[in-house]
There are 2 protein chains.
Amino acid sequence: MKELIEKYKERGFKLTPQRLAILKFLDGNTSHPTADDIYRQIKKDYPTVSFATVYNTLQMLQKKGEVAEITIDHQKKHYDPNPKPHHHIICISCNKIGDVFEDYSEALRLPYHIEEEFKPVGSHINFYGICRGCQKKHKRRN
Amino acid sequence: MKELIEKYKERGFKLTPQRLAILKFLDGNTSHPTADDIYRQIKKDYPTVSFATVYNTLQMLQKKGEVAEITIDHQKKHYDPNPKPHHHIICISCNKIGDVFEDYSEALRLPYHIEEEFKPVGSHINFYGICRGCQKKHKRRN
DNA sequence: ATTTAAATTAGAATAATTCTAATCTAGTAA
DNA sequence: TTACTAGATTAGAATTATTCTAATTTAAAT
């Protein structure tokens, strides 16, 4: 976190209170928040904060590789502040997202005819499941 | 395709010319079209067709498992009329999407602590790459 | 204290998707 | 064939996430 702030300054970016609040909120956060989640949280301390600031900051953090967009929910983008490559599992009932820290890269070999057409640069797995809470809810209904 | 039309009727859905046109357009289509792509195509023959019809039909086909939404591009949803489970590779430069018919399911074992929290129901891999066309473009620039 | 490039802001603009309510029609049955 | 009706279509409005804009403010360097 401190390192991040340092990196921030080194690269000539200004460290504003709003950005600091966003950085703090994201630091170690595993809730995979949306821009709106972040906005609402920051608004508590900085009532005049705007979406533009949230999106700007997220965009910058993405460029720096500190935050990744999660492509798993079509409605809204989710953001993941863990820069370590990993995968995700999403509850198909409540959309809760979990992290999957497992390296499958050895197994994910592409067929040759694909590698002729695309130079691979990465991969990401979306697992789908039903979380505990929703399993219980479903049982209750039956 | 014929089977699909039969299935359609059997289940009490009406087969309208617009829907038939959409079905024909999707049949065997590997271009992973967006709703807008489909709309523009159908509009050629049915100039009064509306987005509502396109989205309605896609929704119905999804429920029947004949079409799947591809969660790989945040801007727009893409649709895949191939009901056989498979994965995708997307060009990070031009967004072109390719199909990856390879069964990785054996390798995609989830860590135990995840399986305690989620009952898995499926998975989908997004591969990222640079397509031939874009590789050439990039070289040209250098 | 001054300067200035960058950041913030409110609100408008954009764009994908969903909704609505009026109209129409495929398929059925008389 | 005709009439019926549940379901489909339509134009356009509404919604929602995200991006843009232009005026104002500010962090950080001088």
Side-chain angles (χ1 to χ4, degrees), chain A residues 4-25 32-64 67-79 95 97, chain B residues 4-25 32-64 67-79 95 97:
Chain A
L4 183 53
I5 293 174
E6 281 315 307
K7 272 198 231 168
Y8 224 100
K9 288 188 172 177
E10 273 169 28
R11 302 207 195 178
F13 295 121
K14 290 184 186 172
L15 190 60
T16 64
Q18 294 90 333
R19 284 192 168 176
L20 189 58
I22 294 174
L23 289 179
K24 278 185 184 163
F25 175 65
H32 309 91
T34 64
D36 190 59
D37 295 333
I38 299 168
Y39 173 72
R40 286 214 299 274
Q41 181 61 35
I42 304 308
K43 212 175 170 59
K44 288 179 188 169
D45 288 330
Y46 301 90
T48 66
V49 76
S50 74
F51 266 105
T53 296
V54 173
Y55 280 110
N56 276 347
T57 303
L58 285 170
Q59 214 174 301
M60 163 175 304
L61 289 171
Q62 277 179 77
K63 275 183 196 155
K64 295 178 57 185
V67 160
E69 264 179 39
I70 307 179
T71 309
I72 197 168
D73 171 5
H74 257 123
Q75 200 89 44
K76 308 176 180 187
K77 289 182 187 173
H78 292 254
Y79 295 90
N95 284 3
I97 298 172
Chain B
L4 182 54
I5 295 174
E6 281 315 309
K7 274 197 230 169
Y8 224 103
K9 289 188 171 177
E10 273 168 26
R11 303 209 195 173
F13 295 120
K14 289 183 186 174
L15 190 61
T16 63
Q18 293 92 330
R19 286 191 167 176
L20 189 56
I22 294 174
L23 290 179
K24 278 184 185 164
F25 175 64
H32 308 91
T34 64
D36 190 59
D37 294 334
I38 298 169
Y39 173 72
R40 286 216 298 274
Q41 182 61 34
I42 304 308
K43 211 173 170 62
K44 287 179 188 169
D45 288 331
Y46 300 89
T48 67
V49 77
S50 76
F51 265 106
T53 296
V54 173
Y55 280 110
N56 276 348
T57 304
L58 285 170
Q59 215 174 301
M60 163 175 303
L61 289 170
Q62 276 180 77
K63 275 185 197 154
K64 295 178 58 182
V67 159
E69 263 179 40
I70 307 179
T71 309
I72 197 167
D73 170 6
H74 258 122
Q75 199 90 44
K76 308 177 180 186
K77 289 182 186 172
H78 291 255
Y79 295 90
N95 285 2
I97 297 173

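Below, chain A is the first sequence line, B the second, and so on; all start at residue 1.
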Asks: So, is Arg19(A) close to the dT8(C) phosphate, meaning a side-chain N or O under 4.0 Å from OP1 or OP2?
Replies: yes
Asks: Is there a side-chain contact between Thr57(B) and Val67(B) in this structure, where contact means two heavy atoms from C-beta onward sitting under 4.5 Å apart?
Replies: no
Asks: In whole angstrom, give the distance that lies between atom CG of Leu20(B) and atom P of dT25(C).
Replies: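 For the pair Leu20(B) CG and dT25(C) P, the rounded distance is 16 Å.
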Asks: Both Thr16(B) and Ala52(A) contact DNA chain C. Taking the nearest nucleotide for each, which residue is further toward the 5' end?
Replies: Ala52(A)
Asks: Within this structure, what is the NZ-to-C1' distance between Lys76(A) and dA16(C), rounded to whole angstrom?
Replies: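 After rounding, the reported distance stands at 15 Å.
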Asks: Go through dA8(D), dT18(C), dT9(D) for me and flag the one nearest to the Tyr55(B) side chain.
Replies: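 Looking only at side-chain atoms, Tyr55(B) lies closest to dT18(C).
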Asks: Look at all strands and tell whether Thr48(A) reaches a base, only sugar-phosphate, or nothing, counting heavy atoms closer than 4.0 Å.
Replies: sugar-phosphate
Asks: To the nearest Å, give me how far apart NZ (Lys43(A)) and C1' (dT9(C)) are.
Replies: 11 Å
Asks: Would you say dT9(C) has OP1 or OP2 under 4.0 Å from some side-chain N or O of Gln18(A)?
Replies: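 So the side chain of Gln18(A) is within the cut-off, an N or O lying under 4.0 Å from OP1 or OP2 of dT9(C).
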Asks: Does a side-chain N or O from Ser50(A) land closer than 4.0 Å to OP1 or OP2 of dT8(C), or not?
Replies: no
Asks: With rounding to the nearest 0.5 Å, note down the distance linking OH in Tyr46(A) to CD1 in Ile22(A).
Replies: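 It is 10.0 Å, given to the nearest 0.5 Å.
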Asks: Can you tell me how far P of dA6(D) sits from CE of Met60(B), to the nearest Å?
Replies: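 About 17 Å, once rounded to whole Å.
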Asks: Below 4.0 angstrom from OP1 or OP2 of dA7(C), is there any side-chain N or O of Thr53(A)?
Replies: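 Checking dA7(C) against Thr53(A), no side-chain N or O comes under 4.0 Å of OP1 or OP2.
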Asks: To the nearest 0.5 Å, how far apart are NZ in Lys43(A) and CZ in Arg40(A)?
Replies: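 Between Lys43(A) NZ and Arg40(A) CZ, I get 11.0 Å after rounding to 0.5 Å.
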Asks: Compare the minimum distances between each of dT19(D), dT8(C), dT9(D) and the side chain of Phe51(A), then state the nucleotide with the smallest one.
Replies: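 Minimum distance to the Phe51(A) side chain belongs to dT19(D).
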Asks: Rounded to the nearest Å, what distance is computed from the OH atom of residue Tyr79(B) to the P atom of nucleotide dA16(C)?
Replies: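 Whole-Å distance recorded here is 12 Å.
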Asks: Specify the separation, in whole Å, of atom CZ of Arg40(B) and atom C1' of dA16(C).
Replies: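 The answer, rounded to whole Å, is 13 Å.
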Asks: Whether the side chain of Lys14(B) and the base of dA6(D) hold a donor-acceptor pair under 3.5 Å is what I'd like checked.
Replies: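 Counting by modelled atom types and ignoring angles, a donor-acceptor contact under 3.5 Å is found here.
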Asks: Measure OH/Tyr46(B) against P/dT25(C) and give the value in whole Å, please.
Replies: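 From Tyr46(B) OH to dT25(C) P: 13 Å.
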Asks: Quick one: is Lys77(A) getting a side-chain N or O under 4.0 Å of the dT19(D) phosphate, OP1 or OP2?
Replies: yes
Asks: Once you measure the plane-to-plane angle for Tyr39(A) and Phe51(A), does it fall in the parallel (<30°), tilted (30-60°) or perpendicular (>60°) bin?
Replies: parallel
Asks: For Asn56(A), report the nucleic acid contact type (base, sugar-phosphate, nothing); a contact means any heavy atom under 4.0 Å.
Replies: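 Base contact - Asn56(A) has a heavy atom under 4.0 Å of at least one base atom.
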Asks: Among Thr34(A), Asn95(A), Asp73(A), exactly one meets side-chain hydrogen bond (donor to acceptor under 3.5 Å, both in side chains) together with His78(A). Which residue is that?
Replies: Asp73(A)
